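If you're wondering where the values come from, they're calculated on a predicted model, not measured in any experiment. To find a chain, count down the sequence lines: A is the first, B the second, and so on, and within it residues start at 1.
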Amino acid sequence: MSQSTAKRPLTMLQKSTKKKVIVRLKNEVEYKGKMDNVDSYMNLIMTDAEEHQGGKMIANYGRVIVRGNNVLFIKIENEL
Amino acid sequence: MSQSTAKRPLTMLQKSTKKKVIVRLKNEVEYKGKMDNVDSYMNLIMTDAEEHQGGKMIANYGRVIVRGNNVLFIKIENEL
Amino acid sequence: MSQSTAKRPLTMLQKSTKKKVIVRLKNEVEYKGKMDNVDSYMNLIMTDAEEHQGGKMIANYGRVIVRGNNVLFIKIENEL
Amino acid sequence: MSQSTAKRPLTMLQKSTKKKVIVRLKNEVEYKGKMDNVDSYMNLIMTDAEEHQGGKMIANYGRVIVRGNNVLFIKIENEL
Amino acid sequence: MSQSTAKRPLTMLQKSTKKKVIVRLKNEVEYKGKMDNVDSYMNLIMTDAEEHQGGKMIANYGRVIVRGNNVLFIKIENEL
Amino acid sequence: MSQSTAKRPLTMLQKSTKKKVIVRLKNEVEYKGKMDNVDSYMNLIMTDAEEHQGGKMIANYGRVIVRGNNVLFIKIENEL
Amino acid sequence: MSQSTAKRPLTMLQKSTKKKVIVRLKNEVEYKGKMDNVDSYMNLIMTDAEEHQGGKMIANYGRVIVRGNNVLFIKIENEL
């Protein structure tokens, strides 16, 4: 049965710590950078994060903590 | 009585892991791809997912984790 | 006293499993089809569901799972 | 002290089962009919319900279950 | 220390049962009348309530139960 | 370590009871007056409160109970 | 494994008490100042906070308590 091998969404997120991700929020803004840590509410610490809106970068953040309830999705990129 | 044979919505979702699905979010964007896993909050891992809006594909995602509270519905397609 | 004979809303919903329903969501879209199952959060499995908006059918779904928090109301039709 | 004689809102609602009510939802639509049952979340079963919007009737429902979180207020009419 | 003499908001509300209040909802509509009862969620029973919008009265309600999550504020008027 | 001397937000709020505050709600309206009491949900009792919108005062309230979920922020002014 | 050395988002926030932060709320307004304290709901006490909107400063706050559910993100600046 598939559940034994597949990871649950929150477990997968935890395993993706330190990977590069793209986080899209409900307000359509995206943050691209390293997901330094995450909790089960999807609160995230991102480092070296670029803020993108409408296809262009509008700001840089050395370290930013995103409140999880704003998250639309998190795309897992690859190892840094 | 029907409850003994019919699956509850969340059980049905779990049984549909690894199937192709279309997930429509509240913001009208749709994600078509394999539902790699899902939890009871409807947080989803999707793989090889196409993002569609207004009838056309606008992006591709190798692996994306969608936060469940944004989900409007999940259409179960068929086995991959 | 009325409570002894009348069914509570969620009990009524459970008893209406396998009936034809119309589900209207907060975004004004309606789904007409068989309510294959439902839980206490009003998550629903619908089968052979037509999606209607502004009075016309815009799509068909063999099987769709609707997240309960989007539901405005569920109209119970009749036995299939 | 007033609490001993006055009914709490949810108790009052329960006591009003089988009465005619007008339910206004957050989207400004109103449902007028018999409140067949109600629970503490304000999920309602309404029977012989008329749907009104902008002062005119737009639909009839033999039996409809309204999800409580959409409710703005419930006006208690009178005995049927 | 002030906490010993001052009433907490929900206790104050309970003590104001049977007083005349103005309840403003998030949709800017106001209800002026007697607060017949209230619970800790701010669900209210109002009697002889006038509905006001944009400065003028638009309806009368003999008895109406307002769902607490819609409440913006409750102004305590005076004894009836 | 800072946690031992600094007050937590809700503790600070409690300690500010009887002070003059400005409460801004999500709908951009502000209430300036004495915070007579507050609870952990940020439900507030305000007395002698002025309602301000767009920079000008639009109403006065002898005593008003604001539902906490509408609060954007509370600015602590000074002792009365 | 990364979890042992990396801080969780809420732990990181607590450790950042007394640092300068930029808090962006869902309504696009930003507050720049010292984060005097914070709790797990992301309720914050900010001191000497500037309110910025559309790129310019519009107000100053000696001490303001922001309700956590309005927070979009918190950018950690540096030691004061």
(request) State the CE-CG distance between A:M12 and B:D39, to the nearest 0.5 angstrom. (result) 12.5 Å
(request) Could you please state which residues from residues 63-74 of chain B sit under 4.5 angstrom from chain A, measuring non-hydrogen atom to non-hydrogen atom, sorted by number, or 'none'? (result) B:R63, B:V64, B:I65, B:V66, B:R67, B:N69, B:N70
(message) Counting only non-hydrogen atoms closer than 4.5 Å, can you tell me which residues of residues 41-56 of chain A sit against chain B?
(response) A:Y41, A:M42
(message) Using side-chain heavy atoms (C-beta onward) and a distance below 4.5 Å, is B:D36 in contact with A:K7?
(response) no
(message) Checking the side chain of A:R8 only, and the main-chain atoms of B:N37 only, is there a donor and an acceptor separated by less than 3.5 Å?
(response) no
